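Quick note: residue numbers are just sequence positions, from 1. Here the structure is a predicted model, which means the values were calculated and not measured.
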Amino acid sequence: MALPAAFYRLDNLQRAWRWIRSNPDAGYKTYFREHYAAYATAQDPLLSDLSDRLRRGLYQPAPACKIYLPKASGITRSYSLLDVEDQIVYQAAANIIAERIFARVRHRYLDQVFGHLYAGKSSVWFYRKWSTGYAAFNKAAAKAHASGKVYTASFDLTAFYDSIDYRVLRHFLEDFGVDRQLVGELSEWLSAWTGTDAQILQGHGIPQGPLSSGLVAETVLSHLDNHAWAKAGVVYLRYVDDIRLFAKTEFLLRRALIQLDRLSKDIGLFPQSAKIGIHLVTDIQAELKSVSHPVEAAVRGKAVDRTKLMGRLVKLSPRYRIVDKTRFKYLLAHAVPNAALTERLWRILDHAPELYESVARYLARAPRLPRKTSLEIIRRIEKEALYPAVAAAFLRAIDGSLHSSVRRKAKTTLKRLWAPRTRSADFTVALGRWLLEENGLTDRQIEYACARSRAAWVRSSLLLAAGAKRQGDSVVDSLARTAVLDTSVDPAVCGALLAGREGVRPSIGARRMRRQAALVLKEFGLVRRAGGRACGINESLSMLLGRPVALNWRGFFGANYRHAERQLVSCRGYAGTDATAWVQGLDVFDDRLLDALFRNDGTLGGYTLGKIGSCTGSPSKAIKAKFPKVLALATEVHEQRYRSDLAHPRIGSSHRPTGRIPYKFIKASKSLIDRAIRELEMAGLV
């Protein structure tokens, strides 16, 4: 079954791309601004290519790059950095979902629901302005209190994004009328995007960070909204997963909390019991978090009274413990770095590492850091053992501002931390950029990091950083030539961008490089053609084997190419889920492979499509001599098929019952495939 045309249609992908770039969340966009610029150099052909691959079932999601940000509780919050192409696909799916749910939920907008409000197709932004929603949330709370509902309770969900079960998500998406095939594929993509560094795929969770996740989460939370709260005598207000209840009596509130608890458990979610409590409201304004900037005597427009500002920061952090983080961060954003405040912030940060971004931005405002502050920053980067994100933020903050007497020592100290294969992604990129600016990496170290770092986001980020620093350098030429072969889209696109800027004509043909790289190079006039349409067989083999494959399968299969392509594309979906179905599908592909092989090499004799057993059971001397590895692939897979309970009730030779194929055979068969296609390539047939 194919995906719905409305999803992969070019206008929907273009809309998704527009909304990704207009995302007001600067935090997430900071990680991708240069990547977006690289993709934009050839956005029209790249989006057309993506549309074609989605239509033909060739698209495969890449694993997300995970970074972990400290929370006030001491644990971390995962942040998922999706490849640019994956962000577009995810947003395109969210576009379809948004249109489906809007008619059924819009009546709750700014009345019961105040966050992640869909703005509509014609809007510049995907969501309505968040501050408008939050201001309405506070206004509705004040109105409820004024009406006599003076008892309140908050209801928060534990690890909400991480806990959403895909079966629950599918239930609600289908209930809203979203196409079942799209729902099924989205579940598979989410599993890839939420997998951890341990590469353990999970059946729950949506990635935190991407614009699309908020809208997807709304479909599940609608289950809580649907209850008849007004009839229960309760005012129900929800901003994302932050729910506020108001009622005239404690009894009504307690009953509502019990109902919310049950509704949450219906969908596999659980409340944070420590944050739930009923109390009488005496001052409604004190209850509400201010959306607009807090009014402060120390800050009047652009005028800042530094003495008053320092006094307020001290008052808000007695014994270096902050009593109002929102107000503290607002005031700190207006502070000019000075020795006394910096010293205080170090002590505050020891107790509240979650404030690292605010502190880093404060430090970054100094055009030149004092020697003492510079030494302390380097010490903290070197000694940070719990939160790599903190060290990464400090590395970004000291770009060009370290005290001159500290730079040499810093370069020596920080160079020892360089380990791009084992360090966290955000720290590796931040340190790599800093060392590049300080000329602290050798050519071989740069090349190794850009080619061998595990995460595609790291490889592409370092490629762009190296290209900016080493323009016109032979190292950049080498990086670009390697990157266009990368198995992931983002590094290939970034490598092609470097080649285009440098005017480097690639030494390999467009057919051999990643197609998306060729599309970018074509925009620069460095290749005439981008290698034709994407080949589903090459795409599938590249994914299965973990290396780029760019062979002429159209010429090899001839008129039967489309059948062979569809078979392998369909088959590859089982490679991580069902070994028995994988064997069944691969056996059919092998049948077509042998049929094409015999037609391409007349010395092998005749072959009848559908009679693979006659070839593997009694192979001719010619095929055993000329193509032993192709024969080994077909024979091993066909032998496993005999043992499959999807093909036969009993094993022919032993008469024992058949069963499921063990998963370990998937790995073994990939090795057989690799050797077989290398043999065909050496023979000049593909």
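We find that R55 and D52 are joined by a salt bridge, their nearest charged nitrogen and carboxylate oxygen being less than 4.0 Å apart. Look at E357 and R396 and you find a salt bridge, because one of the NZ, NE, NH1 or NH2 atoms lies within 4.0 Å of a carboxylate O, short of that distance. Salt-bridge annotation for K29 and D25: absent, with no side-chain N of the basic residue lying under 4.0 Å from a carboxylate O of the acidic one. Using a 4.0 Å cut-off between charged nitrogen and carboxylate oxygen, R562 and E565 count as a salt-bridge pair. Between E85 and R53 there is a salt bridge, since a side-chain N of the basic residue sits under 4.0 Å from a carboxylate O of the acidic one. Under 4.0 Å is where a charged nitrogen must lie from a carboxylate oxygen, and between R433 and E34 at least one such pair does.
Side chain to side chain, Y90 and S213 meet the donor-acceptor criterion of an N or O pair below 3.5 Å. No side-chain N or O of Q445 forms a donor-acceptor pair with one of W418 less than 3.5 Å apart. Side-chain atoms of Q208 and S80 include no donor-acceptor pair closer than 3.5 Å. There is a side-chain donor-acceptor pair under 3.5 Å between Y36 and Q87.
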Give the intermediate values and the outcome of salt bridge (charged side-chain N to carboxylate O under 4.0 Å, His left out) for residues K670 and D674. CA-CA 6 Å; K670 288 180 181 179; D674 198 10; over 6 Å; no
Verify side-chain contact (heavy atoms from CB on, under 4.5 Å) between K415 and L435, making sure each step is shown before the conclusion. CA-CA 7 Å; K415 179 67 178 288; L435 288 172; 4.2 Å; yes
Show the numbers, then the answer: is there a side-chain hydrogen bond (donor to acceptor under 3.5 Å, both in side chains) between N95 and Q91? CA-CA 6 Å; N95 294 353; Q91 184 60 46; 2.9 Å; yes
Decide side-chain hydrogen bond (donor to acceptor under 3.5 Å, both in side chains) for E99 and Y118; before the verdict, give the C-alpha distance in whole Å, the side-chain angles of both, and the deciding distance to 0.1 Å. CA-CA 9 Å; E99 287 295 316; Y118 178 51; 2.4 Å; yes
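Partner of L568 under the side-chain contact (heavy atoms from CB on, under 4.5 Å) criterion, chosen from L593, I537, N538: I537.
Of the possible polar contacts, one joining the N600 side chain to the A596 backbone as a donor-acceptor pair under 3.5 Å is found. One N or O on the side chain of S374 and one on the backbone of H403 form a donor-acceptor pair closer than 3.5 Å. The main-chain N or O of K629 is found under 3.5 Å from a side-chain atom of E679 such that the two form a donor-acceptor pair. Using modelled atom types, one side-chain atom of W125 and one backbone atom of S22 make a donor-acceptor pair closer than 3.5 Å. Within the 3.5 Å criterion, the main-chain N or O of G536 finds a donor-acceptor partner in the side chain of S540. Side-chain atoms of W19 come within 3.5 Å of backbone N or O of S123 as a donor-acceptor pair. In this structure, the side chain of S570 does not engage the main chain of Q567 through any donor-acceptor pair within 3.5 Å.
Counting heavy atoms of neighbouring residues, nucleotides and ligands inside a 6.0 Å radius, atom CZ of R407 does not exceed 12 of them. Residue R599 qualifies as enclosed at atom CZ: its count of foreign heavy atoms under 6.0 Å is above 12. Enclosure of atom NZ in K409 is not indicated, since only 12 or fewer non-hydrogen atoms of other residues, nucleotides or ligands lie within 6.0 angstrom. Other residues, nucleotides and ligands contribute at most 12 non-hydrogen atoms within 6.0 Å of the CZ atom of R512.
With rounding to the nearest 0.5 Å, the separation of CD in E438 from CG in D399 is 8.5 Å. Rounded to the nearest 0.5 Å, atoms CG (L479) and CZ (R481) are 11.0 Å apart. One finds the CD atom of E681 at 7.5 Å from the CZ atom of R678 (value rounded to the nearest 0.5 Å).
Residues L431 and R423 form no side-chain contact, since every pair of their non-hydrogen atoms from C-beta on lies 4.5 Å or further apart.
Taking the six-membered ring for Trp and the full ring otherwise, Y79 and Y28 have centroids separated by under 6.0 Å.
Looking at every heavy atom in both residues, R459 comes nearest to S488 through NH2-OG, 3.4 Å. Minimum heavy-atom separation, K469 to L436: CE-O, 3.2 Å. Considering every non-hydrogen atom in both L3 and Y8, the closest pair reads O-CE2, 3.3 Å.
Aromatic ring pairs are classed by plane angle as parallel below 30°, tilted from 30° to 60° and perpendicular above 60°; the pair F556 and W553 is perpendicular.
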